[in-house]
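Have a look at the structure below before the remarks.
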Amino acid sequence: MTTKEHFLNVLESRKSIRIYDENVKISKEEMTELLGAAIKAPSSVNLQPWRFVVIESDEAKSTLAPLASFNQNQVKTSSAVIAVFADMNNLDYLEEIYGKAVELGLMPEEVKENQVPAIRGLLSGISNQQNKETILIDGGLVSMQLMLTAKAFGYDTNPIGGFDKENIAEAFGLEKERYVPVMLISIGKANEAGYKSYRMPVEQVTEWK
């Protein structure tokens, strides 16, 4: 199977799963590897604003359950539910990220010295709403990559947007004003077939100019 065929197969086989095999638990080591692959996703000026809370213990799932009231099957049966957040203070990591890139030989020092002040100046001047919109896009990118990575690892997922976004950060010890909830992603081994869904044809959703 070619790389293209394999990737298309991953895309085709991914389905949203709501009931999982409760006997399957993803180890911390494998989850770390999975997340490590997912965070290769792109982000605006590489500030990587995504933050994750892996909700896997019975206690943590009990905390999550009332916040995801219409998604109890996913919370109860999944190996874990990954809460994806976006950090409003992403600019705080600019120097660290670009400095590490220089240290690893991924970026010349002079490029860093030019880009860091330019990026800081640009992003320091945007509104909170503009910042939020940008980091939510980045959070969406890493979430999709996480779901595809999970499928490549042999696991199933379900993206969940219906949850209490107002209170979830504080429920898990995060600063409410700083960490913006993106989505929940349940993950585990499917205990149902799932179902295929209709996609509108490319011709209907695309314009060529």
Side-chain angles (χ1 to χ4, degrees), residues 1-56 61 68 71-86 97 100-101 104-107 134-163 181-209:
M1 182 181 293
T2 66
T3 301
K4 175 182 175 181
E5 289 170 337
H6 175 71
F7 183 68
L8 291 176
N9 183 60
V10 170
L11 291 177
E12 182 67 26
S13 62
R14 198 208 71 79
K15 300 181 181 70
S16 291
I17 297 298
R18 291 164 176 79
I19 300 177
Y20 299 86
D21 183 345
E22 296 183 60
N23 296 313
V24 174
K25 298 299 179 185
I26 302 173
S27 69
K28 183 176 180 180
E29 291 72 23
E30 188 172 21
M31 186 70 81
T32 299
E33 183 182 5
L34 196 156
L35 289 169
I39 60 174
K40 299 298 191 294
S43 62
S44 180
V45 294
N46 195 32
L47 285 184
Q48 308 163 47
W50 39 72
R51 304 292 181 264
F52 308 101
V53 177
V54 180
I55 302 165
E56 59 179 359
K61 285 190 172 188
N71 298 280
Q72 296 303 298
N73 286 332
Q74 296 95 312
V75 174
K76 180 178 183 294
T77 65
S78 64
S79 177
V81 178
I82 302 171
V84 183
F85 294 89
I97 291 169
K100 194 67 176 179
L104 294 173
L106 305 174
M107 176 185 291
T134 299
I135 63 176
L136 282 174
I137 291 171
D138 294 340
L141 289 170
V142 79
S143 295
M144 188 70 252
Q145 184 136 317
L146 174 55
M147 288 185 283
L148 292 177
T149 301
K151 193 62 188 175
F153 274 54
Y155 295 110
D156 300 285
T157 57
N158 183 31
I160 300 169
F163 61 96
V182 179
M183 68 176 70
L184 303 175
I185 301 173
S186 59
I187 181 170
K189 282 280 190 179
N191 201 20
E192 62 174 0
Y195 58 89
K196 292 187 175 182
S197 55
Y198 169 73
R199 292 294 187 271
M200 293 188 293
V202 171
E203 293 76 12
Q204 189 172 344
V205 300
T206 308
E207 292 187 14
W208 303 90
K209 302 292 187 182

Rounded to the nearest 0.5 Å, how far does [atom2] of [Y] lie from [atom1] of [X]?
X      : Y      : atom1 : atom2 : answer
Ile19  : Ser78  : CD1   : OG    : 12.0 Å
Leu11  : Met147 : CG    : CE    : 11.5 Å
Ile82  : Trp50  : CD1   : CH2   : 14.0 Å
Gln74  : Thr157 : CD    : OG1   : 11.0 Å
Leu141 : Gln48  : CG    : CD    : 12.5 Å
Lys151 : Leu146 : NZ    : CG    : 13.5 Å

ask   = Would the number of heavy atoms belonging to other residues, nucleotides or ligands and lying under 6.0 Å from NZ of Lys76 be above 12?
value = no
ask   = Which residue pairs pass the side chain to side chain donor-acceptor pair (under 3.5 Å) test when at least one of the two sits in residues 4-13, sequence neighbours left out?
value = Thr2-Glu5
task = Verify side-chain contact (heavy atoms from CB on, under 4.5 Å) between Asn71 and Leu184, making sure each step is shown before the conclusion.
result = CA-CA 10 Å; Asn71 298 280; Leu184 303 175; over 6 Å; no
What pair of heavy atoms forms the shortest contact from [X] to [Y], and how long is it?
X      : Y      : value
Val182 : Ser143 : CG1-OG, 4.2 Å
Phe163 : Pro181 : CE1-CB, 3.9 Å
Ile17  : Asn158 : O-CB, 3.0 Å
Glu192 : Ser16  : OE2-O, 4.4 Å
Val10  : Ala152 : CG1-N, 4.5 Å
Val53  : Phe85  : CG2-CE1, 3.8 Å

Side-chain donor-acceptor contacts of residues 24-31 below 3.5 Å, not counting sequence neighbours, with atom names and distances?
unit_1: Ser27; atom_1: OG; unit_2: Glu30; atom_2: N; d: 3.1
unit_1: Glu30; atom_1: OE1; unit_2: Tyr155; atom_2: OH; d: 2.6
unit_1: Glu30; atom_1: OE2; unit_2: Tyr155; atom_2: OH; d: 3.4

ask   = Residues in salt bridge (Lys or Arg N to Asp or Glu O under 4.0 Å) with Asp138, at least two apart?
value = none
query = Quick one: salt bridge (Lys or Arg N to Asp or Glu O under 4.0 Å) partners of Arg18, sequence neighbours excluded?
reply = none
message = Is it the case that the side chain of Asn191 and the backbone of Glu22 share a donor-acceptor pair, with hydrogens and angles ignored and the cut-off at 3.5 Å?
response = no
query = For Gly188, does its backbone N or O pair with a side-chain atom of Ser79 as donor and acceptor, under 3.5 Å?
reply = no
Please list every donor-acceptor pair under 3.5 Å in which a side-chain atom of residues 202-209 meets a protein atom from a residue at least two apart or in another chain.
unit_1: Thr206; atom_1: OG1; unit_2: Val202; atom_2: O; d: 2.9
unit_1: Glu207; atom_1: OE1; unit_2: Lys209; atom_2: NZ; d: 3.0

inquiry  = Among residues at least two apart in sequence or on other chains, which ones pass side-chain contact (heavy atoms from CB on, under 4.5 Å) with Thr149?
reply    = Leu34, Ala37, Ala38, Gln145, Phe153
key: Salt bridge present between Asp156 and Lys189 (N-O < 4.0 angstrom)   = no
